[in-house]
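Report on one structure; see the data block that follows.
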Amino acid sequence: MCNTDVKSGTELYAKLYPESSSDGVLRLGNIVPDFHADTTQGPMDWHKWIEGSWAILFSHPADFTPVCTTEIGRLALKYDELAAKNVKLATLSADPVSLLCAATNAYAACDGQQRCSCCVDIAVIVISVRGVIFFKVDAAAQVDSHNKWLNDVVAHCENKVTIDFPIIGDADRSIAVKYGMLDPGNKDSNDLPLTIRAVFIIGPDKKLKLSLNYPASVGRNMDEIVRCIDALQLSAKHSVATPANWPYNHDSIGKKGWAFLLPTVTPEDAKKHFPDHHSCKVPSGVDYLRLTDVNKLNINN
C-alpha cells in the first residue's frame, strides 16, 4: 500500500491486468499456475511456499550445462540480499531430482548417435540435432543429479558460495509448459529444452509482475534481476515509476536515482505529497517528466 493518499503504481495498474487469461497463456498480472513438485529440499506446494513473500522462479534447461552453472553460482551470491527484501528464490530444472545428466568430457570420445561410458557408471548419449551436438544422460543412470551438479557450481564460483535455495525437478516439463516456457508440442521431446531459460518475478498476491526470456547463448545478469525487484517493490508502495537505467538515471542534472511520478498524480497531489519533486523542461512544455527523490519516500511503509 502507498503511505500517502495517492495510490501506488501497483494499485493503479493492477486493474489493467486480468487475474487469468482467456487463452491459457500466462501474462503479466495473471495469478501464476500452482504446482506440486519434488525439489532438492523436499516436496513443494508452490503457492503455499510463496505465501506472504515475493518470489523468483529462475529456470534452466538442464544440469551440467556451462552457462547455467555460472548463473546458479551468481544467483547464490544474491540469495541473502534477496532474502532481506522478502524475496524467496527457487530454480527450475528440466531434469528430475534423481536423474544425473553428466555429459562433461563426453565430446572427446563420442560422435553422432554413439553410446559410450565416459564416466564410471554413467551412460551418456550424444545426440546430433541439425548438426548441433547435445549430450543427454541415459535414463538408466538414476543418481542424484542436482546435488552432484551443485558441487560443480560451488567449485567454479570463486566466491565459494552455498546453494541455499531449492531446485525444482520438472522431469515431465509440465511446469515449463504451464509457464509458457515450452511449446506443448515439445513437452515429450528428448532434445535438450533450450527454450527453458526464463525468470518470473511474482508478488505476494501470487500475480506475475515481470518475466524475462533468454536464449541459450546469453547468460542472465543477476544485478538486473535485483534491480527489477527493487523497482517493482518501490512501485508497489508508492505512486512512482522508474526511468530507463534506474538507479543511474538523470545524474547529469543532479537527480541520480530519482523516479518519475505517475501520470495519474495530479498537480495538487504532487505539490502536497511530493513537495520537492522536479519537473524536467521539454520543448512541448507539457509537465509530465516529474522526478522525485526516492530516498525521501518512506519505503518501509
Side-chain angles (χ1 to χ4, degrees), residues 21 24-27 30-50 55-73 75-76 79 87-103 124-125 127 129 134-150 152-153 163-202 206 208 210-216 219-220 225:
S21 64
V25 176
L26 180 62
R27 296 186 176 89
N30 293 169
I31 295 176
V32 299
D34 194 11
F35 57 81
H36 177 84
D38 290 328
T39 80
T40 52
Q41 296 183 2
M44 171 189 285
D45 290 304
W46 181 236
H47 277 192
K48 184 177 180 180
W49 186 79
I50 292 174
I56 294 175
L57 181 62
F58 186 101
S59 66
H60 62 276
D63 298 348
F64 298 95
T65 51
V67 174
C68 293
T69 297
T70 60
E71 289 178 325
I72 297 302
L75 193 60
Y79 178 82
V87 180
K88 290 183 175 181
L89 176 62
T91 64
L92 178 81
S93 173
D95 288 332
V97 172
S98 62
L99 176 62
L100 175 60
C101 180
V124 180
I125 303 172
I127 304 171
V129 181
F134 298 116
F135 303 96
K136 184 178 179 63
V137 169
D138 194 328
Q142 294 292 323
V143 292
D144 192 350
S145 169
H146 295 300
N147 290 330
K148 285 179 179 285
W149 174 54
L150 292 181
D152 288 354
V153 171
I163 309 300
D164 298 319
F165 46 82
I167 298 182
I168 301 164
D170 187 27
D172 64 359
R173 306 179 183 181
S174 60
I175 300 172
V177 170
K178 285 181 179 180
Y179 278 72
M181 293 180 273
L182 195 65
D183 188 286
N186 293 333
K187 180 175 180 291
D188 299 319
S189 172
N190 289 324
D191 296 340
L192 191 64
L194 294 176
T195 52
I196 307 180
R197 300 192 70 253
V199 179
F200 299 91
I201 298 180
I202 301 157
K206 303 180 181 65
L208 181 63
L210 182 147
S211 64
L212 301 166
N213 285 287
Y214 285 74
R220 286 163 279 190
I225 292 173

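All heavy atoms count here, side chains included; hydrogens, waters and symmetry mates do not.
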> Are D170 and D172 close enough that some pair of their side-chain heavy atoms sits under 4.5 Å apart?
Replying inline: yes
> Minimum heavy-atom separation for G24 to S21, with atom names?
Replying inline: N-OG, 3.1 Å
> Is the backbone of L92 close enough, under 3.5 Å, to the side chain of S59 for a donor and an acceptor to pair up by distance?
Replying inline: no
> Taking all atoms of both residues into account, what is the closest heavy-atom pair of A198 and R220, and its distance?
Replying inline: O-NH1, 3.0 Å
> What closest approach, in Å, do D45 and H36 show between heavy atoms, and which atom pair accounts for it?
Replying inline: OD1-ND1, 2.8 Å
>> Using side-chain heavy atoms (C-beta onward) and a distance below 4.5 Å, is F165 in contact with I72?
In response: yes
> Quick one: does H60's side chain get under 4.5 Å of I167's, heavy atoms only?
Replying inline: yes
> Which atom names give the shortest non-hydrogen contact between R173 and L182, and what distance separates them?
Replying inline: CD-CD2, 3.6 Å
> Rounded to the nearest 0.5 Å, what separation is found between the CG atom of L89 and the CZ atom of F58?
Replying inline: 8.5 Å
> Once you round to the nearest 0.5 Å, how far does OH of Y79 lie from CG of D164?
Replying inline: 5.5 Å
> Under the 3.5 angstrom rule, does the side chain of Y179 hit a backbone N or O of L26 as a donor-acceptor pair?
Replying inline: no
>> So, using side-chain contact (heavy atoms from CB on, under 4.5 Å) as the criterion, who are the partners of T39 when residues are at least two apart?
In response: Q41, M44, P166, I168
> Out of curiosity, L75 CG to I163 CD1, how far, rounded to the nearest 0.5 Å?
Replying inline: 8.0 Å
> Any side-chain heavy-atom pair from I202 and W46 closer than 4.5 angstrom?
Replying inline: yes
> How many angstroms lie between atom CZ of F200 and atom CG of N213, to the nearest 0.5 angstrom?
Replying inline: 6.0 Å
> Hey, are the side chains of R197 and V67 touching, using non-hydrogen atoms and a 4.5 Å cut-off?
Replying inline: yes
> For the residue pair G169 and A37, what are the closest heavy atoms and their distance?
Replying inline: O-CB, 4.3 Å
> Where is the tightest heavy-atom contact between V199 and I56, given as atom of each residue plus distance?
Replying inline: CG1-CG2, 4.1 Å
> Quick one: salt bridge (Lys or Arg N to Asp or Glu O under 4.0 Å) partners of K88, sequence neighbours excluded?
Replying inline: none
>> Quick one: does any side-chain atom of R27 pair with a main-chain N or O of L208 as donor and acceptor, under 3.5 Å?
In response: no
> Does H47 have any side-chain contact (heavy atoms from CB on, under 4.5 Å) partners at least two apart in sequence or in another chain, and if so, which?
Replying inline: I31, V32, D34, K206
